[in-house]
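So that the names make sense, note that chain A is the first sequence line, chain B the second, and so on, each numbered from 1.
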Amino acid sequence: MSSDNGRPEPAAEEPGGEQLALIRESVRKAKAPKAKPRTWRGAALARELPVAKVLVDKGPVHLDKLWDYAVPAEMDAEAKPGVRVRVRFGAGTGKVREGRREGGGLLDGYIVERVAESDYRGPLAAVAQVLSPEPVLGPGLLALCRAVADRYAGSLADVLQLAVPKRNVRAEGEPSPPPLPPPGAPAAGSWERYPAGPGFLDALRGGGTPRAVWTALPGPHWPREWAVAVAATLASGRGALVVVPDGRTAARVDAALTEVLGGAGRHVLLTADLGPEERYRRWLAVSRGSVRAVVGTRAAMFAPVRDLGLVGIWDDGDHSHSDDHAPQPHARDVLLLRAVHERTGFLLGDLGRTVEAAQLVENGWARPLEADREQVRAAAPLIRTVDEGEVARDAEARAARLPTLAWQTVRDALTRGPVLVQVPRRGYVPRLACERCRAAARCAHCAGPLEARDADRLACGWCGRAETSWHCAECGGVRLRARIVGARRTAEELGRAFPAVPVRTSGRDHVLDRVPDRPALVVSTPGAEPVADGGYAAALLLDGWALLGRPDLRAGEEALRRWLDAAALVRGHADGGLVVVTAEPTQRPVQALVRWDPAGYAARELAERAQLGFPPVSRMASVAGPAEAVDELIAAARLPEGTETLGPVPLPLTEPGRPRRPGEPPPGEEWQRALLRVRPGQGSALAAAVKAAKAQRLARGEKDPAVRIDPFDIG
DNA sequence: AGCACGCCGACT
DNA sequence: GTCGGCGTGCTC
């Protein structure tokens, strides 16, 4: 019964599509293009609801609407809402010539709805084929995808490609296991360490929808705490979804869930490294309601969990939470949308705190879920700082390239266990800073970051204005210093210094998961730190200035995040854990680390962003493309009143050979980028205006600039 | 994206 | 007079 062939041979064997195509052709022959809709009545159409509203999933963006197709009677049973279909699209009108088949190419899509009548004034083509009877796009998932598309000024089709996995015939053919009954309520366990912890769990267990920003205590307990929160939600008869930045973390939470839920039947792990087939198998288990708890990486944010009671995200500052496919939705935002639309609880957990999380707390949408100061002090290691200036003055340190305190700390700690050494990755471009107070140099007009254009010319990276008489807004200084990325400290160097101790490395290429509880030096780049089974005895966080000097609005936040992540792997103060960070002790992120006060840091940062008109308080859209395209899009958009346009400024050329990231010019093309900035509360109006302008331009077949809402990687 | 239709210049 | 340029617009 295969119907996939390109040969239009025996009409009898080809159900539906061909037959209706013929009918339609005869209609066209019989009468002029317009009028006479429904002449195809009498064909073998479904008796009830013979019209399918179809969402075409590939092809040009402006097809971002529903199209009506006729449902042949043979397909009636299978052509349910949510199933994948193929339809003929385009160019159908004129091809009456003999010897050629009518209709344009076959496009994939989904049936969104079955209705009784079409309001399209013309003959309907038929659904060409139901690809599979599996309803993969339910009403909830569709509504979510629509909301995400609007939020990001993107097309529904683009979002669907992120949300619905590719079909796999084998996985789809298998039944999913029957659902297990909800588990019993778990004990609060280490959640007791947070005053509001047990109450949060009680609310979940009781069917409530609590919302919290959770600042996790350093140490190894948070994966299990996630598992307990999920179990409490399952106990209420609802589902739960937790999104984490990477597969390593997902595996840790998955293991904790298996433990807490007493087996693997009630939850699934959804990560990219499963491969398409297994991933689809698990996704189907969720979609079919046989599993109601999901932990996974960012694509799992769309998982169609039935009767969702809790959405969670861990470490929302990690860049992996932002999808790199258009329209680049961020897991935090998608889960926020789900929490609102699906009326669920919300838990954002982090060792630190992003400015966005601080905003959720500040505007009262979520409650802080934090431990008392004494708990924090006991769980966190002791933090010592070594000033860069001190390193320079200390002759011994300069020779050894490590300050004395760091040497002593390592030597001492190595008698008690492994020592972690965090070394920034190379390739960070430092930004310009005041020589006296080291505040970032910002544009006097729009507060964008100043950049050195060539030899001595300064210009703003946002609005492009030249700066000829810069002076520091903080201290009045007039001299800038451009910092240079220093040499990377290598594992070999440390190996020579401590010949008796094994040296392990973990970085982009080889990421270690765990290291045993034995003396060893573990050299790692930020984000790749292995977990030490008994906690590290100490950690060195080297070259802090390289993290702090990044030309990014989030440099401080990001540096603090990297440090907290590494320091959280070190034994607590009570167990002798010690961290040495080489960075200016006067810098705010450094002070926040020493006090272990990420919430305070984020609150201050948020206040400052508000004052300077930075995201996330102000909302922004970035528009990048060829100069005319950018200008035209902005001119055509009916932007909310008071929208500021910064730029356009030329973007750096893409070096050939390097994989191109979205929003970057193709090699050889010169692109401009403008930033649109609106006041708080106008973010969705901005997205809607840009989306409308994009659609309008695309309808005329013009090249569309790359639009990004809330870009986080700007100056 | 394709592929129509549609309204102005070089040609038999 | 006709053929044909590719500039707008539609595709169920």
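The distance from atom CD of A/Q129 to atom C1' of C/dC12 is 18 Å, rounded to the nearest whole Å. Regarding A/L107, its CG atom lies at a distance of 10 Å from the P atom of B/dG2, rounded to whole Å. Distance CZ (A/F89) to P (B/dC3): 13 Å, rounded to an integer number of Å. Regarding A/E113, its CD atom lies at a distance of 20 Å from the P atom of C/dC12, rounded to whole Å. Per the geometry, CG belonging to A/L45 stands 14 Å off C1' belonging to C/dC12, to the nearest Å. We find that OH of A/Y120 is positioned 8 Å from C1' of C/dC10, with the value rounded to whole Å. If you measure from atom CZ of A/R121 to atom P of C/dT11, you get 13 Å, rounded to the nearest angstrom. We find that CG of A/L124 is positioned 12 Å from P of C/dT11, with the value rounded to whole Å.
For A/R298 and A/D323, the salt-bridge test passes: some basic side-chain N is under 4.0 Å from an acidic carboxylate O. Electrostatic pairing of A/E134 and A/R167 does not count as a salt bridge here, judged by no charged N lying under 4.0 Å from a carboxylate O.
With sequence neighbours excluded, the residues forming a side-chain hydrogen bond (donor to acceptor under 3.5 Å, both in side chains) with A/R151 are A/D333, A/D710, listed by chain and number. In this view, A/E356 and A/R554 satisfy the side-chain hydrogen bond (donor to acceptor under 3.5 Å, both in side chains) rule, not counting sequence neighbours.
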